[in-house]
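Sequence lines set the chain letters: A, B, ... in the order given, protein chains first and strands last, and positions in each chain run from 1.
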Amino acid sequence: MVGTGKYRDNETMARAIEASGAEVVTVAVRRVDLDRSKETGILHHLDPNRYVLLANTAGCFTADDAVRYARLAREAGFNEFVKLEVIGDQETLLPDVQGLLDAARTLVKDGFKVLAYTNEDLVTALRLEDAGCAAVMPLASPIGSGLGLLNPYGVRTIKHRLTVPVVVDAGVGTASDACVTMEQGVDGILMNTALAAARDPVGMAHAMRLAVEAGRTAYLAGRMPKREVAVPSSPLEGMLD
Amino acid sequence: MNDSIDVMVNGEPRTVARGATLLELLRALELDPRAVVVEHNRAIVRRPKLGDVTVAAGDAIELVHFVGGG
């Protein structure tokens, strides 16, 4: 999954999305610019037959706002899916867990398929699953930070305990971050800034595609156990006197 | 009686013709009704109904669409 924000131009965005191999593409809901000083609409750059478009509630700080945005998005869009964000802190953009759960319950009741952006707290993730969310999206690190996967244990535990898909959203900065994230066994990653803010977004998108595939394949292959002591790889027998 | 009324569109004051429908408002703003979602006093108005809803003085209208986001 990839986002569509912050690209320097729409052509670069379209090429980066293609290179990423993403199947799901996120968009945001905002006011139309009435004086036409800039063209902000994005739909004509994205083929809805090719990508599943996933509207978000980014920028919402209350459950009520998030529900309002989700309903507008459903009206504008093509499906019942919404990436639910209820932000609790301006500086870190970390989620407001109480507002998130309230909004998730309301939207599920309203027929939405909710993908909930949350932190890496297991209990919150379990509550979101109980609330009927279609997927839970723990962060790797704060949105747009590029700090990578700060709490592999937390994300791994959520994946281990939940039945619904777990997609890591936010914080992945480069290919190694994506690889390590996928090695935790999660079902996918949503990234935006890592591509949009790279010097070469298309090149980074390609690297991310390989990294996600590598991480997933390594997870399925099962890594060797870590040891605190060396174990020789070459035979001890047959050494010269 | 004045022929125009004051409403708020996307948070900004606008003057529209008295008795105008939401569809006529979109036309006046040169917006394609298929490309925007209309919220009228906090209630979403579906596309087929845009021609049935008349705008009243003081109404709050939001016109939204999809933009780039993560």
Participant: Check the surroundings of atom CD in A:E23: do more than 12 heavy atoms from other residues, nucleotides or ligands lie under 6.0 Å from it?
Facilitator: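 No - once you tally the heavy atoms of other residues, nucleotides and ligands closer than 6.0 Å, there are 12 at most.
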Participant: Heavy-atom distances under 4.5 Å only: say whether A:A73 touches chain B with side chain, backbone, both or neither.
Facilitator: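 Contact with chain B: backbone and side chain both.
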Participant: For chain B, find which of A:G3, A:A58, A:G5, A:A196 contributes the most heavy-atom pairs closer than 4.5 angstrom.
Facilitator: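 Most heavy-atom pairs within the cutoff with chain B belong to A:G5.
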Participant: More than 12 heavy atoms of other residues, nucleotides or ligands under 6.0 Å from NE2 of A:H206: yes or no?
Facilitator: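 For A:H206, atom NE2 is not crowded (no more than 12 foreign heavy atoms under 6.0 Å).
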Participant: Restricting to non-hydrogen atoms, name the atom on A:A28 and the atom on B:G68 that form the minimum distance, rounded to 0.1 Å.
Facilitator: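 That would be CB-O, 4.1 Å.
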Participant: If we check side-chain contact (heavy atoms from CB on, under 4.5 Å) with A:V32, which of these qualifies: B:L31, B:L26, B:L29?
Facilitator: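 Passing option: B:L31.
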Participant: Under 4.5 Å from any heavy atom of chain A, what part of B:V64 do you find: side chain, backbone, both or neither?
Facilitator: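 Both parts, backbone and side chain.
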Participant: Is A:R31 reaching over with its side chain to a backbone N or O of B:N10, donor-acceptor style, under 3.5 angstrom?
Facilitator: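 Such a contact is found between A:R31 side chain and B:N10 backbone.
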Participant: Counting heavy-atom pairs under 4.5 Å to chain A, which of B:R34, B:R14, B:E62 comes out on top?
Facilitator: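 Top option by heavy-atom pairs under 4.5 Å: B:E62.
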Participant: Salt bridge or not between A:E75 and B:R47? Use side-chain N to carboxylate O under 4.0 Å.
Facilitator: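 No salt bridge links A:E75 with B:R47.
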Participant: To the closest 0.5 Å, what do you measure between CZ (B:F66) and CG (A:L46)?
Facilitator: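 With rounding to 0.5 Å, CZ (B:F66) is 10.5 Å from CG (A:L46).
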Participant: Minimum heavy-atom separation for B:G70 to A:N192, with atom names?
Facilitator: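 Smallest heavy-atom distance, with atoms named: CA-ND2, 3.1 Å.
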Participant: Any side-chain to backbone donor/acceptor pair from A:K6 onto B:G69? Under 3.5 Å, distance only.
Facilitator: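 A pair under 3.5 Å: no.
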Participant: Say you draw a straight line from CG of A:L72 to CG of B:L63; how long is it, rounded to the nearest 0.5 Å?
Facilitator: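 Rounded to the nearest 0.5 Å, the CG-CG separation comes to 10.5 Å.
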Participant: Walk me through it: do A:R68 and B:R42 pass the test side chain to side chain contact (heavy atoms under 4.5 Å, CB included)?
Facilitator: CA-CA 8 Å; A:R68 184 185 183 196; B:R42 289 273 180 154; 3.2 Å; yes
Participant: Would you please test B:V67 and A:T4 for side chain to side chain contact (heavy atoms under 4.5 Å, CB included) and show each step?
Facilitator: CA-CA 8 Å; B:V67 302; A:T4 54; over 6 Å; no
Participant: Test side chain to side chain contact (heavy atoms under 4.5 Å, CB included) on B:H65 and A:L43; report intermediate values, then the result.
Facilitator: CA-CA 9 Å; B:H65 65 164; A:L43 276 195; over 6 Å; no
Participant: I'd like to know which of A:L190, A:V2, A:V27 tops the heavy-atom pair count under 4.5 Å against chain B.
Facilitator: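 Most heavy-atom pairs under 4.5 Å with chain B: A:V27.
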Participant: Nearest 0.5 Å, what's the CD-CG distance between B:E12 and A:L34?
Facilitator: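 If we round to the nearest 0.5 Å, B:E12:CD and A:L34:CG are 6.5 Å apart.
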